[in-house]
2 protein chains.
Amino acid sequence: MLMSKILIIEDEPAVCKLLVYNLEKAHYQTWVAQDGVQGLSAALQWKPDLVVLDIMLPQMDGLEVCRQLRQSSAVPILFLTARTEEIDRVLGLELGADDYLCKPFSMRELLARIKAILRRAAPLPSAPSPTFQMDPAQRTFTVHHQPLVLTKLEFDLIAVLMTHAGQVFSREQLLQVAWGYDYFGDTRAVDSAIKRLRAKLREVAPDEDPIEALRGIGYRWKAA
Amino acid sequence: MLMSKILIIEDEPAVCKLLVYNLEKAHYQTWVAQDGVQGLSAALQWKPDLVVLDIMLPQMDGLEVCRQLRQSSAVPILFLTARTEEIDRVLGLELGADDYLCKPFSMRELLARIKAILRRAAPLPSAPSPTFQMDPAQRTFTVHHQPLVLTKLEFDLIAVLMTHAGQVFSREQLLQVAWGYDYFGDTRAVDSAIKRLRAKLREVAPDEDPIEALRGIGYRWKAA
DNA sequence: AACTCTCTGACATTTTTCTGACACAAAACT
DNA sequence: AGTTTTGTGTCAGAAAAATGTCAGAGAGTT
């Protein structure tokens, strides 16, 4: 499973910001909806892998959102509650919450629970088919769903670039991030690594060339 | 589901008493084990639907109990921890904890989590590769339905790899999980074990080679 | 055209894994 | 108890893979 999509339905901007920041740092894609109506719409169209749902929402409350969502989707839901008592209503209604957290919660705990929920969720046939896909956890990389074997260095390199698609990295930066902070050597090593990577990619996707060289600046993964 | 069976592995009598009282009031059957050895024995014989496992135990700690239990059972485990940091070790090792609670916890929360775990506990599809099959409960391993005799170490190793097919394990991780937390030795021992395992597999399935070495990373069971 | 930077292939070096031999320990058997 | 068998860690060298270095060709820029 790669780059799981997490929909956040939460009205407090501060909490949203915190969630988005940490989830994206953990390599999840995020989408924020500020109220229940927008949340339902986003859930149905964007088809997230997990919904983080605040119980207290303006207009339509989280329980109602959950009930309506359940009529058309089995997406896992993690509830956020301000008070412990609220969760009794969720559990009592058997709405199919997969987990819940009471505010205030530690980010580590949230991430652990999200990871656990996603691990449990059966790998359903996901629709989108970008040509290049990377799974940091399994260290696998696929092109058109066909696995491509990469060396450690190659994978580390492509991981940095892909997870920051569009961002330019200088050779020095790449050495730091993919080789390691204690590495001292010619920055031309980066050229060689890129060369080998491109050669492998060309084998299976001759018309793509997703790694762009910016003269005098560095390299970047072509933005989507 | 009628009268789910819950095994409590916990050494503090006060906590045990509290747990038993409340769980039985909630119509669960309970069984208490005061230390890891008794716990393992009870788990194997009584076959509970859920194990509540304290991390801090005399003699054998909870993680070790979990590891040994996982060799022969897929029963859901809910960890109890005194400190939040401890849970990182569990999560880090991916030992298959289904949930955890930090002391002190409210009884209502415990009951809610237990209910959630039991609700989720759907029979796993367990899709073994057609050629290789492993039964943790009986510690048997078959290739093309023909039994293959493995040593304890070999079985532990293959069990870890197969139950996490596709996931890469470093030599250090494998030493921890298959050899034991207290083992200190050269990580090259892993190479040797893998070598012997491969030799045995080659005898009966010369064209498979399901154990993949990832240079600089570790080993993994070829993903399905 | 001159200059600069990037790309590529060849080669050398380094790193990592694999294998067989051996030694020791534990277990099984007499 | 002694003996054999089995299991496993350690070691050293072989084999394989990965990667750094270099030099020249190629491409972009002024």
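From a predicted model like this one, the values you see are computed outputs, not experimental measurements. Letters A, B, ... mirror the listed sequences (proteins, then strands); counts begin at 1.
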- Task: Take the protein atom CG of A/L214 and the nucleotide atom C1' of C/dC5, then report the distance between them rounded to whole Å.
- Result: 12 Å

- Query: Would A/E212 and A/R220 pass as an ion pair if we require N to O under 4.0 Å?
  - Reply: yes

- Interatomic distance, A/I194 CD1 vs C/dC5 P [rounded to whole Å]: 18 Å

- Item | Under 4.0 angstrom between B/Y219 side-chain N/O and C/dT16 OP1 or OP2 | no

- A/K152 NZ to C/dT17 C1': how many Å, rounded? 15 Å

- For the pair B/R196 and B/D191, find out whether any cationic side-chain nitrogen is under 4.0 Å from an anionic carboxylate oxygen. no

- Query: Does any donor-acceptor pair link the side chain of A/S192 with the base of D/dT21 at a separation under 3.5 Å?
  - Reply: yes

- Item | Inter-axis angle, terminal five-pair segments of the helix from C/dA1-D/dT30 to C/dT30-D/dA1 [nearest 10°] | 30°

- Task: Say whether, by atom type as modelled, one donor and one acceptor occur between the side chain of B/Q173 and the main chain of B/S170 under 3.5 angstrom.
- Result: yes

- Item | Nearest-neighbour nucleotide for the B/A213 side chain, C/dT8, C/dC18, C/dT19 considered | C/dC18

- Query: Where the side chain of A/R188 is concerned, which of C/dT17, C/dT6, C/dA10 is the nearest nucleotide?
  - Reply: C/dT6

- State whether the side chain of B/E154 and the backbone N or O of B/T151 hold a donor-acceptor pair below 3.5 Å, judged by distance alone. yes

- Message: Can you tell me whether the side chain of B/R196 and the base of C/dG20 have a donor-acceptor pair closer than 3.5 Å?
- Response: no

- Let me know, please, whether A/K195 or B/R171 comes out on the 5' side of the other along DNA chain C by nearest nucleotide. A/K195

- Side-chain N,O (A/W179) to OP1/OP2 (D/dT19) below 4.0 Å: no

- Query: Is the side chain of B/R198 donor-acceptor paired with the backbone N or O of B/I211 at a distance under 3.5 Å, no angle test?
  - Reply: yes

- Message: Taking the six-membered ring for Trp, are B/F132 and B/H144 closer than 6.0 Å centroid to centroid?
- Response: no

- Item | Protein-nucleotide distance (B/D186, atom CG; D/dG9, atom P), rounded to Å | 10 Å

- Query: With respect to the side chain of B/L153, which nucleotide from D/dT19, D/dT8, C/dT17 is positioned closest?
  - Reply: D/dT8

- Query: Which of the following nucleotides, D/dA27, D/dT19, C/dC18, is nearest to the side chain of A/R215?
  - Reply: D/dA27

